[in-house]
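Before I ask anything, let me first share the structure, which is written out below as structure tokens.
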Amino acid sequence: MDALLDDPVFFAPFVPFFDPRVGRPSTPIETYLRMMFLKFRYRLGYESLCREVTDSITWRRFCRIPIDGRVPHPTTLMKLTTRCGTAAVDGLQRGAAGEGGGGQAAAHGPAARGHHGGAGRCGLPDGFRVAGQGGSADHGDWPADPGRGRSDPHPGAEPEPGGREAGAWDRREAALAGRAGPGGDARRALRRAQVKAAALAAAGGRDAAAGRRRGRLRRAVKDLTDLLDATRRIAGQTRQRLTGLVPDGATRLVSLHERDARPIAKGRLGKPVKFGYKAQVIDNDDGVVLDSTLQQGNPPDAPQLGPAVKRVIRRTGRRPWTVTADRGYGEARVEDNLHDMGVPNVVIPRKGKPGNARQAREHRRAFRRTVKWRTGSEGRISSLKRGYGWDRARIDGTEGARIWTGQAVLAHNLVKIGALAG
């Protein structure tokens, strides 16, 4: 692994993000790459990774850090990861795929999903509990809970930005809140949070403290504003659900911590619906992942296979001899598209009930043997989940989840290529 990571192909993707003359010295990329490999290979957090590297002479040598040298701070690794983003990760994957490309290719679709740790069913109590905790932790206590103090003697009154109660909100909504249980408390908590955000924004304009303190205050106001927007969406979804309508899954908010996560219905008995992202993996007969993508929501499988095979051909410079995938890709146009690319053997079971000619083809020994090989390689997804962190992405947003899963695929490929080279 030490010799493999010395290949210049793994340094080229980082060149556009750093200037050789301007700026202060940064962490060497070879150190960053090796520490990130250890992180995903052994599923370590940033803090525990830095502690382990600090305490281990072997890991220090692997990461090219002298015995008396300083190990990068965990926040430095985090900032480098998000700064270089998916562009650097894609470049690293292209380099690794070039090392281990070719051969048969198998596509794995909806079974491969990168789930975010915060993704889950998000209800009104959860949303407003997080809003209350965020405001209290950063900027003092929230106003007293209505009905338990004198801050809101009239539950139907709407507070002004200055904190005084004035006016009345829609009585029809008040009646709905009474029937919905947490709905009334949610609306009142939302209005109190809006008052808090307005007060913090006004305080930020008058704050005469140092720039760092003003910056923290502005970030806190932005985070609170984003949280309020998400909570309004949850309140709207709850009202819609109480009327008997199911919110659209493509736009439905299911987590306050991961705003891009979406419900994905799989129809399984134990877990009919999961929450997160949908990923596609293409690997070869050596077990090297040649291409991986992650998308928001639950897009159809079939249209994604052709572009993925094109990317594999472009990266490796070779056309696969055989392409196989699960039944979700089984459409005639997909097979015709792959033949047009020059793939001689396409082994994908068709959706629905095929005709007699198609059944005879799918019952051939070569066809069934290839399908069984693809079924066996489904373990690639399980390996990525159990061993490399694909079960939960620890970076927020779709972009962050793509960075996380891309780094995991890179670590997986380096292990595979190192084993093949050995």
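In this text, all values refer to a predicted model and were calculated from it rather than measured experimentally.
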Item to complete: Please confirm whether W404 and Y277 have ring centers closer than 6.0 angstrom.
Response: no
Item to complete: Would you sort out whether D336 and R333 count as a salt bridge (charged side-chain N to carboxylate O under 4.0 Å, His left out), showing the intermediate values?
Response: CA-CA 5 Å; D336 295 339; R333 57 180 180 177; over 6 Å; no
Fill in: Atom of Y388, atom of F40 and distance for their closest heavy-atom approach
CD2-O, 3.5 Å
Item to complete: Kindly give the heavy-atom pair with the smallest separation between L49 and M35, and that separation in Å.
Response: CD2-O, 3.3 Å
Worksheet item: Hey, what do you get for OG (S26) to CZ (F18), rounding to the nearest 0.5 Å?
Response: 5.0 Å
Fill in: Stepwise side-chain contact (heavy atoms from CB on, under 4.5 Å) test for N413 and Q93
CA-CA 8 Å; N413 283 348; Q93 288 190 13; 5.6 Å; no
Worksheet item: Taking it one step at a time, do Y46 and R51 satisfy side-chain contact (heavy atoms from CB on, under 4.5 Å)?
Response: CA-CA 9 Å; Y46 287 101; R51 285 196 303 269; over 6 Å; no
Discussion item. Is there a salt bridge (charged side-chain N to carboxylate O under 4.0 Å, His left out) between D2 and R64? Walk through the geometry before answering.
Written reply: CA-CA 10 Å; D2 184 73; R64 306 294 171 85; 3.3 Å; yes
Worksheet item: Looking at L410 and A96, what are the two nearest heavy atoms and their distance?
Response: CD1-CB, 4.1 Å
Practice prompt. Give the intermediate values and the outcome of side-chain contact (heavy atoms from CB on, under 4.5 Å) for residues V347 and V323.
Written response: CA-CA 6 Å; V347 181; V323 172; over 6 Å; no
Fill in: Gap separating the CG atom of D326 from the OG1 atom of T375, nearest 0.5 angstrom
9.0 Å
Worksheet item: Would D90 and R311 pass as an ion pair if we require N to O under 4.0 Å?
Response: no
Discussion item. Let me confirm one number: the CG-NZ distance from L44 to K39, rounded to the nearest 0.5 Å.
Written reply: 7.5 Å
Worksheet item: What is the distance from atom CZ of R259 to atom CG of D396, rounded to the nearest 0.5 Å?
Response: 8.5 Å
Discussion item. For L256 versus A230, what's the shortest heavy-atom pair and its separation?
Written reply: CD2-CB, 3.8 Å
Worksheet item: Could you go step by step and tell me if R350 and E335 meet the salt bridge (charged side-chain N to carboxylate O under 4.0 Å, His left out) rule?
Response: CA-CA 10 Å; R350 287 288 175 85; E335 189 168 337; 3.1 Å; yes
Worksheet item: Are H257 and S255 linked by a side-chain donor-acceptor pair shorter than 3.5 Å?
Response: no
Worksheet item: Name the one of R374, R380, K416 that satisfies side chain to side chain donor-acceptor pair (under 3.5 Å) with D283?
Response: R380
Item to complete: Would you name the heavy atoms of L92 and F10 that are closest together and state the gap between them?
Response: CD2-O, 3.3 Å
Worksheet item: Can a salt bridge be assigned to the pair R252 and D248 using a cut-off of 4.0 Å between side-chain N and carboxylate O?
Response: no
Worksheet item: Are any side-chain N or O atoms of R60 and backbone N or O atoms of D68, one a donor and one an acceptor, separated by less than 3.5 Å?
Response: no
Discussion item. Can you tell me how far apart OG1 (T238) and CZ (R241) are? Round to the nearest 0.5 Å.
Written reply: 10.5 Å
Worksheet item: Nearest heavy-atom pair of I264 and G297: which atoms, and what distance?
Response: CD1-O, 3.7 Å
Practice prompt. Kindly compute the distance separating OG (S292) from CH2 (W390), expressed to the nearest 0.5 Å.
Written response: 5.0 Å
Worksheet item: Do T81 and M36 have side-chain heavy atoms sitting under 4.5 Å apart?
Response: yes
Discussion item. For a side-chain contact (heavy atoms from CB on, under 4.5 Å) check, start with the C-alpha distance between N284 and T316, then their side-chain angles and the critical distance, and finish with the verdict.
Written reply: CA-CA 12 Å; N284 64 4; T316 63; over 6 Å; no
Fill in: Derivation and outcome, salt bridge (charged side-chain N to carboxylate O under 4.0 Å, His left out), residues R43 and D391
CA-CA 11 Å; R43 299 203 65 174; D391 53 346; 2.8 Å; yes
Worksheet item: With distance as the sole test, does S56 use its side chain to make a donor-acceptor pair with the main-chain N or O of E52 at under 3.5 Å?
Response: no
